[in-house]
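Heads up: the structure comes next, in structure tokens.
Note that these values count all heavy atoms, side chains included, but never hydrogens, waters or copies made by symmetry. In what follows, every chain begins at residue 1, and chains take the letters A, B, ... in the order their sequences are listed.
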Amino acid sequence: MPELPEVETIRKTLWPAVTGRTILQAEASANEVMSVEDCEQLIGKTVTDIRRRGKYLLFLLQEGNRPSLWLLVHLRMTGRLLIHRFEDPLPKHTHVRLVLQSVDLQRTLLIFQDTRRFGRMWLRRVSDSSQLPTDMDKLGPEPVDPPLAKETLKKQLKKHPALTLKAALLNQSVIAGIGNIYADEILYAAGLPPQQRAGTLGDNQISQLATAIPQVLQQAIAECGTTLRNYVDGWSREGRFQNCLNVYGRAGLPCRHCGQTLLKTRLAGRTTTWCPSCQPRHSEARQTDS
DNA sequence: ACCTACCTGTTT
DNA sequence: AAACAGGTAGGT
């Protein structure tokens, strides 16, 4: 489900509701999404910050007056982190329930809900709170903040010249945070065909891609993400970027720019949609305008 | 560099 | 009944 814009939206919406609060109670159903052992360790800790790296959320937890643990969360396809009223019944597929208490003694729940149970939560000890856990080391550069530099992209693509552009964008070690929706939208915005090999890009094409990546992701963040079926933010609100999609989910429909029928294929194991005329196979030419 | 598995729910 | 879904770990 959630890619970088959705995870970032969740981070921003949870921040004011969660930071500064202490975990009074913590329960994990079975050992699936989170080990019961890890879950018990959360009790008594105070959340002091929420960060994001790629599609991971990182909760910085303080014990006494110094940072002690990172709570790492990956939502995978259908995971949700939701603020929930203490007294309300829990939604189906709630796997972790945290009772948060603020200085005013008001209690709120932060719950992890996930129909498909692919998502995970786990702990890492904090060595230095300015340093993210080593789990994050293999992720590629952050594309939005700061905006991906052309030279960085060039260097990253050079590591995997044989990958199709679609596969390269989906590879979290090339760039962190892009998934199936935004890979297709980015390639459309860059005017590049998804089946082109990363090693065959000319300098202009790398520039187009380097521009499109932060541009598309930033706009999606501004629209609070894409809600197709499952995604909602920390307050259960839907995103709006589904109204801005140019290609994802639109195979068989006319391209919004040129009217050509959008095509669908399978690349890197994922459904891929593109416009054969705005994303031409061989040409160096950028799509000119409307 | 690809495939399959992991799950449940929805759509064809 | 079968295909498909926003992701990725782990196998080959």
Next on the checklist: Under 4.0 Å, heavy atoms only, any strand: does A:Leu163 hit a base, just the sugar-phosphate, or nothing?
Outcome noted: sugar-phosphate
Checklist entry - Crowded around A:Glu87 CD? As in, over 12 foreign heavy atoms under 6.0 Å? => result yes
Checklist entry - Please give, in whole Å, the distance from C:dA3 P to A:Arg270 CZ? => result 18 Å
Next on the checklist: Check the phosphate of B:dC6 against A:Arg117, side-chain N and O only, distance under 4.0 Å to OP1 or OP2. Yes or no?
Outcome noted: no
Item to check | Nearest-nucleotide pick for A:Ala162, side chain only, options being B:dT8, B:dA1, C:dG7 | outcome: B:dA1
Checklist entry - Quick one: does A:Gln172's side chain get under 4.5 Å of A:Lys55's, heavy atoms only? => result yes
Checklist entry - Dot-bracket for DNA chain B, 5' to 3', with Watson-Crick and G-U pairs under 3.5 Å, [ ] for crossing pairs and | for other-strand pairs: what is it? => result ||||||.|||||
Item to check | Integer-rounded Å distance: B:dC2 C1' and A:His160 NE2 | outcome: 15 Å
Checklist entry - Taking for each residue the nucleotide of DNA chain B bearing the nearest heavy atom, is the 5' side occupied by A:Lys92 or by A:Arg76? => result A:Arg76
Next on the checklist: Counting only heavy atoms not in A:Asp104 (residues, nucleotides, ligands), do more than 12 fall under 6.0 Å from its CG?
Outcome noted: yes
Checklist entry - So, does the side chain of A:Arg116 form a donor-acceptor pair with the base of B:dC7 at under 3.5 Å? => result yes
Next on the checklist: I'd like the P distance from C:dG10 over to B:dC7, given in whole Å.
Outcome noted: 14 Å
Checklist entry - Do A:Arg53 and A:Glu142 sit within salt-bridge range, that is, some charged N less than 4.0 Å from a carboxylate O? => result yes
Next on the checklist: Any base atoms under 4.0 Å from A:Asn230, or only sugar-phosphate, or nothing? Heavy atoms, all strands.
Outcome noted: base
Checklist entry - Between atom CD in A:Gln113 and atom C1' in B:dG9, what is the gap in whole Å? => result 12 Å
Checklist outcome for this item: Taken to the nearest whole Å, CG/A:Asn180 to P/C:dT8 is 11 Å
Item to check | Whole angstrom value for the distance that separates P of C:dG7 from NZ of A:Lys138 | outcome: 17 Å
Item to check | Rounded interatomic separation in angstrom, taking CZ from A:Arg120 and C1' from C:dA9 | outcome: 10 Å
Item to check | A:Tyr231 OH - C:dG7 P separation (whole Å) | outcome: 14 Å
Checklist entry - Rounded to whole angstroms, how far apart are CG on A:Leu267 and C1' on B:dC3? => result 15 Å
Checklist entry - Do A:Phe241 and A:Tyr182 have ring centres separated by under 6.0 Å? => result yes
Checklist entry - Do A:Val73 and A:Arg120 touch side chain to side chain, with heavy atoms closer than 4.5 Å? => result no
Checklist entry - Any sub-3.5 Å donor-acceptor pair from A:Glu223's side-chain atoms to A:Gln219's backbone N or O? => result no
Item to check | Distance below 4.0 Å between A:Thr271 side-chain N/O and C:dA5 OP1 or OP2 | outcome: yes
Next on the checklist: Taking any heavy-atom pair under 4.0 Å as a contact, classify A:Tyr182: base, sugar-phosphate, or nothing.
Outcome noted: nothing
Next on the checklist: Can you confirm whether A:Trp122 is buried at CH2, in the sense that more than 12 heavy atoms of other residues, nucleotides or ligands lie under 6.0 Å from that atom?
Outcome noted: yes
Checklist outcome for this item: Looking only at C:dG7, C:dA9, B:dT8, the nucleotide nearest the A:Tyr56 side chain is C:dA9
Checklist entry - Hey, is A:Phe118 stacking on B:dC6? Ring centres under 5.5 Å, planes under 30°. => result yes
Item to check | A:His74 side-chain N/O to C:dA9 phosphate OP1/OP2 under 4.0 Å | outcome: no
Next on the checklist: So A:Arg266, base contact, sugar-phosphate only, or nothing? Heavy-atom distance under 4.0 Å.
Outcome noted: sugar-phosphate
Checklist entry - According to a strict under-4.0 Å criterion, is A:Gln172 in side-chain N/O contact with OP1 or OP2 of C:dT8? => result yes
